[in-house]
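Right, one structure below, let's go through it.
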Amino acid sequence: MKHLAILGSTGSIGVNTLDIVRQFPEEFKIISLSAGHNIELLKDQINRFRPKVVSVINQEVATNLQKSLSGLEVEILYGVEGLIQVATHPEVTQVVSAIVGAVGLIPTLSAIKTKKSIALANKEPLVMAGKIVMEEAKRNGVQILPVDSEHSAIFQSLIGHRKEDIRRLILTASGGPFLNLPISKLHEVTVKEALLHPHWEMGKKITIDSASLMNKGLEVIEAHWLFDIPIEKIVVQIHPQSVVHSMVEYIDGSIIGQMGIPDMRLPISYALSFPKRMNLKMASLDLSQVGSLTFSPPDPEKFPCLRLAYQSIEIGETMPAVLNAANEMAVNGFLEGWIKFTDIPLLIQRVMGEHEIKTARTIEDILRADQWAREKTKALIEAKAR
Ligand code: MG
């Protein structure tokens with residue numbers, strides 16, 4: 001039986017993970033959970049799965065939650081320290097790292113240091129500190145199993161093959177809600193329109209990232225570290241049907257890909273049960289119903305975020321962390337109505353341009369760059385809003 005910790009239990013990955021746990025109670029036991037703002041859902045999860053430790057956002061929320069759970073034996077913690085306790089609890093064997101954003105970095109790294117197997121959905125630890133995270137995983141003999149559908153597809157397509165035989169990784173992207181919108185209209189799109197993702201149900205931040213293709217940019221960086229493949233060998237193809245989740249091309253010209261209906265329970269369950277597969281009783285993918293699968297290259301003019309992501313990893317060191325922090329702040333600025341959708345890449349480019357690149361040897365180096373970029377982006381947004 002696997003003993004799980006879920007970082008981000010009320011988000012879409014967390015909820016889907018718990019759905020799998022509920023279906024297979026003989027395979028999994030929940031030891032610890034963490035959540036952000038959705039306390040009502042967290043309460044339901046505590047009542048149902050009876051974790052030993054739970055972490056929330058701050059002390060006030062922790063105190064209120066503790067009061068409302070009187071009679072239940074559960075330890076309520078909060079803040080970064082709480083997240084670390086959730087991730088490193090001695091009984092936990094696998095951590096599902098599903099917090100969105102940079103805040104997932106430290107708890108994920110702590111889990112690796114305490115030799116927990118990692119099911120990774122949180123992109124930012126690899127985007128910000130890929131080298132450090134992968135070295136730490138290697139040193140501790142920890143396997144990082146991808147939960148992101150694209151990386152799960154690549155992971156599955158690599159099995160039984162030699163790394164030296166890889167020609168390219170082909171990441172597919174749905175193209176988001178603005179794929180067919182003329183570039184001249186992009187500056188006037190609303191938050192509501194940007195939040196309408198054609199295929200996947202996800203949180204707000206990642207849905208905006210999908211609309212700007214920054215999500216794909218972050219995934220390219222994630223794939224670079226996860227599979228140790230040079231960035232120039234990773235390409236993106238727009239595939240609006242979201243049926244082929246990603247592919248690997250080998251030196252003989254063969255392309256191996258993974259297909260399936262777009263349901264996150266599929267890649268999550270694979271990361272939880274690898275190398276075995278779970279009988280999820282999913283509907284079959286009916287390809288004749290889908291009819292046709294189309295692929296096209298992304299438009300670099302329309303989606304500059306993708307180019308910025310490539311640039312950041314080519315520069316390396318602290319730059320990907322700066323890209324990520326500037327993006328988080330800019331997306332937030334857009335969601336709150338301070339800036340336009342088309343300001344997101346402009347802000348990121350400006351912040352990257354002003355960043356003095358530093359060697360990213362330690363997590364502190366990364367966090368300093370992250371902090372600098374957040375303050376810089378915030379100041380630029382405030383100047384715009386004035
Ligand atoms: Mg993805």
Side-chain angles (χ1 to χ4, degrees), residues 7-8 11-17 96-102 104 108 118-128 130 144-158 169-179 194-227 229 231 234-248 257-272 274 285 293 295 298 303 305-306 309-310 313 320 323-324 327-328 331:
L7 295 166
S12 92
I13 300 290
V15 168
N16 278 308
T17 304
V96 178
S97 172
I99 297 182
V100 176
T108 304
I118 308 286
L120 189 69
N122 182 197
K123 298 180 169 78
E124 287 77 2
L126 287 181
V127 172
M128 297 169 71
I144 298 183
L145 295 150
V147 168
D148 214 347
S149 62
E150 294 79 359
H151 304 80
S152 177
I154 291 172
F155 181 73
Q156 295 179 52
S157 306
L158 286 171
L169 304 184
I170 307 165
L171 266 74
T172 54
S174 73
F178 306 135
L179 181 61
L195 286 176
L196 285 175
H197 195 276
H199 298 292
W200 297 98
E201 284 271 355
M202 304 175 292
K204 279 185 185 175
K205 153 75 167 60
I206 187 169
T207 307
I208 301 300
D209 283 349
S210 297
S212 70
L213 286 202
M214 180 56 94
N215 184 52
K216 213 47 57 178
L218 300 179
E219 288 181 356
V220 167
I221 301 175
E222 190 185 0
H224 161 68
W225 290 117
L226 205 49
F227 304 114
I229 298 293
I231 202 77
I234 308 175
V235 298
V236 171
Q237 286 276 303
I238 303 290
H239 168 48
Q241 297 82 19
S242 299
V243 167
V244 179
H245 296 312
S246 277
M247 298 168 267
V248 179
Q258 183 254 344
M259 291 189 261
I261 53 169
D263 187 314
M264 280 313 291
R265 284 172 298 182
L266 208 154
I268 294 169
S269 73
Y270 195 62
L272 294 179
F274 173 79
L285 166 67
L293 301 177
F295 299 88
F303 299 108
C305 283
L306 187 57
Y310 272 95
I313 194 75
L323 166 99
N324 178 66
N327 180 57
E328 274 187 31
V331 168

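Quick note: numbers below take in every heavy atom, side chains included, and nothing from hydrogens, waters or symmetry partners. Atoms within a ligand are numbered from 1 in the order they appear, just like the ligands themselves. This structure is a prediction, so every number in the text was calculated from the model and none was measured.
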*If you check every N/O/S atom of Glu150, which is the one nearest the Mg ion (ligand 1)?*
OE1
_Asp148, N/O/S atom nearest the Mg ion (ligand 1)_ = OD1
*Between Ile208 and Leu195, does a side-chain contact (heavy atoms from CB on, under 4.5 Å) hold up when you go through it step by step?*
CA-CA 6 Å; Ile208 301 300; Leu195 286 176; 3.7 Å; yes
*Shortest-distance N/O/S atom, Glu219 versus the Mg ion (ligand 1)*: OE2
*Compute whether any side-chain donor of one residue and acceptor of the other, for Asn324 and Lys123, lie under 3.5 angstrom apart.*
no
*So which heavy atom on Phe227 is nearest to which on Leu169, and how close?*
CD1-CD1, 4.0 Å
*For Val147 against Met264, the heavy-atom pair lying closest together*: O-CE, 3.4 Å
